[in-house]
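Below is one structure, written out as structure tokens; the observations come after it.
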Amino acid sequence: MDQDMVVLARVRLLSANRRVVRGAEGLWIYRVLTRVEPEAYGSKLAYVLVEASASPLVRELPERRLALLDEAVEVAKALGESNPYRAKMLARALAARQREGGGGGEGRCLTLRVPGVDSLDGDEGDCPVPAEKA
């Protein structure tokens, strides 16, 4: 990893003066920093990826939305079991992935139970994991 890119990403992160940097800049920052410190920045990358998948910029690009959500799931899965945000980010990414690629209520649904996560902020009732993929 190019150290100049890492330093630039850290400078942009600090200059943003926000808890989570969103949009294209956030994607770039967290992708770079997750490569060097995955436990520190992976959960924020997963969060921003899920958020970006709902952006109007990709509304007419279903392949792009799925790619963003697939990346979010992979990043969340890669977080260590001891990471306090792993369960919530993984559940959120899986739920968004199911909504995006879901069959509109077709087929059976498995309920996803992630230890340490009681709610996904109003996502109750969704089918996060289809039975055929479990």
Side-chain angles (χ1 to χ4, degrees):
M1 171 63 51
D2 182 11
Q3 290 304 310
D4 290 339
M5 296 279 285
V6 173
V7 170
L8 181 59
R10 287 189 171 137
V11 167
R12 286 190 179 176
L13 179 63
L14 291 172
S15 66
N17 199 25
R18 288 178 279 183
R19 273 183 44 185
V20 178
V21 181
R22 293 174 165 83
E25 183 177 30
L27 285 174
W28 181 80
I29 289 170
Y30 294 125
R31 280 178 172 151
V32 169
L33 295 177
T34 297
R35 288 183 185 165
V36 293
E37 295 183 60
E39 291 301 313
Y41 297 103
S43 59
K44 288 188 179 185
L45 176 58
Y47 180 88
V48 172
L49 285 163
V50 170
E51 192 174 71
S53 73
S55 167
L57 297 173
V58 294
R59 180 173 296 144
E60 302 299 322
L61 303 168
E63 303 85 21
R64 280 293 185 111
R65 289 192 310 267
L66 287 174
L68 289 167
L69 292 171
D70 287 343
E71 183 180 353
V73 169
E74 291 306 312
V75 168
K77 283 181 180 178
L79 293 172
E81 294 288 331
S82 63
N83 189 307
Y85 302 106
R86 182 186 191 274
K88 188 168 186 172
M89 289 300 102
L90 182 56
R92 187 171 299 221
L94 286 170
R97 177 64 176 87
Q98 173 56 31
R99 280 192 302 273
E100 183 62 36
E106 301 169 9
R108 295 180 9 228
C109 176
L110 296 179
T111 302
L112 177 65
R113 299 278 183 236
V114 180
V117 177
D118 296 327
S119 169
L120 293 177
D121 302 328
D123 287 344
E124 297 90 356
D126 290 339
C127 179
V129 181
E132 55 274 3
K133 290 193 178 187

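In this text, all values refer to a predicted model and were calculated from it rather than measured experimentally.
Clustering ILVMFWY residues whenever any of their side-chain heavy atoms sit less than 4.5 angstrom apart, transitively, puts Val36 in the very cluster that holds Leu8. Under the 4.5 Å side-chain heavy-atom criterion for Ile, Leu, Val, Met, Phe, Trp and Tyr, Leu66 and Leu57 are members of distinct hydrophobic clusters. Both Val75 and Trp28 belong to a single network of hydrophobic side chains, linked directly or stepwise wherever heavy atoms of I, L, V, M, F, W or Y lie under 4.5 Å apart. Residues Val20 and Leu45 are members of one and the same hydrophobic cluster, defined by side-chain heavy-atom contacts under 4.5 angstrom among Ile, Leu, Val, Met, Phe, Trp and Tyr.
Residue Arg35 qualifies as open at atom CZ: its count of foreign heavy atoms under 6.0 Å is 12 or below. Summarising the local packing, CG of Asp2 is surrounded by more than 12 heavy atoms from other residues, nucleotides or ligands at distances under 6.0 Å.
The shortest non-hydrogen separation linking Val48 to Val21 is CG2-O, 3.4 Å. Closest heavy-atom contact between Ser43 and Tyr85: CB-CB, 3.6 Å. Closest approach of Ala9 to Val32, counting heavy atoms only: CB-CG1, 3.9 Å. Of all the heavy atoms in Arg12 and Glu25, the pair that sits closest is CD-OE2, 3.5 Å. The minimum heavy-atom distance linking Val50 with Ala93 is given by the pair CG2-CA, 3.8 Å.
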Report task. Would you sort out whether Tyr41 and Ile29 count as a side-chain contact (heavy atoms from CB on, under 4.5 Å), showing the intermediate values? Result -> CA-CA 9 Å; Tyr41 297 103; Ile29 289 170; over 6 Å; no
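Here Glu39 does not pair with Arg86 in a salt bridge; the nearest charged N to carboxylate O distance is not below 4.0 Å.
To the nearest 0.5 Å, the span separating CZ on Arg22 from OH on Tyr30 amounts to 8.5 Å. Note that CG of Leu90 is 13.5 Å distant from NZ of Lys88, once rounded to the nearest 0.5 Å. Arg97 CZ to Asp70 CG: the interatomic distance, rounded to the nearest 0.5 Å, is 4.5 Å. Rounded to the nearest 0.5 angstrom, Leu69 CG and Leu49 CG are separated by 8.0 Å. The distance from the CG atom of Leu27 to the CD atom of Glu51 is 9.0 Å, given to the nearest 0.5 Å. The CD atom of Glu100 lies 9.5 Å from the CG atom of Leu68; values are rounded to the nearest 0.5 Å.
Arg31 is listed as a side-chain neighbour of Glu71, based on a closest heavy-atom distance under 4.5 Å.
Looking only at distances, no side-chain donor or acceptor of Lys77 sits under 3.5 Å from a matching main-chain atom of Ala72.
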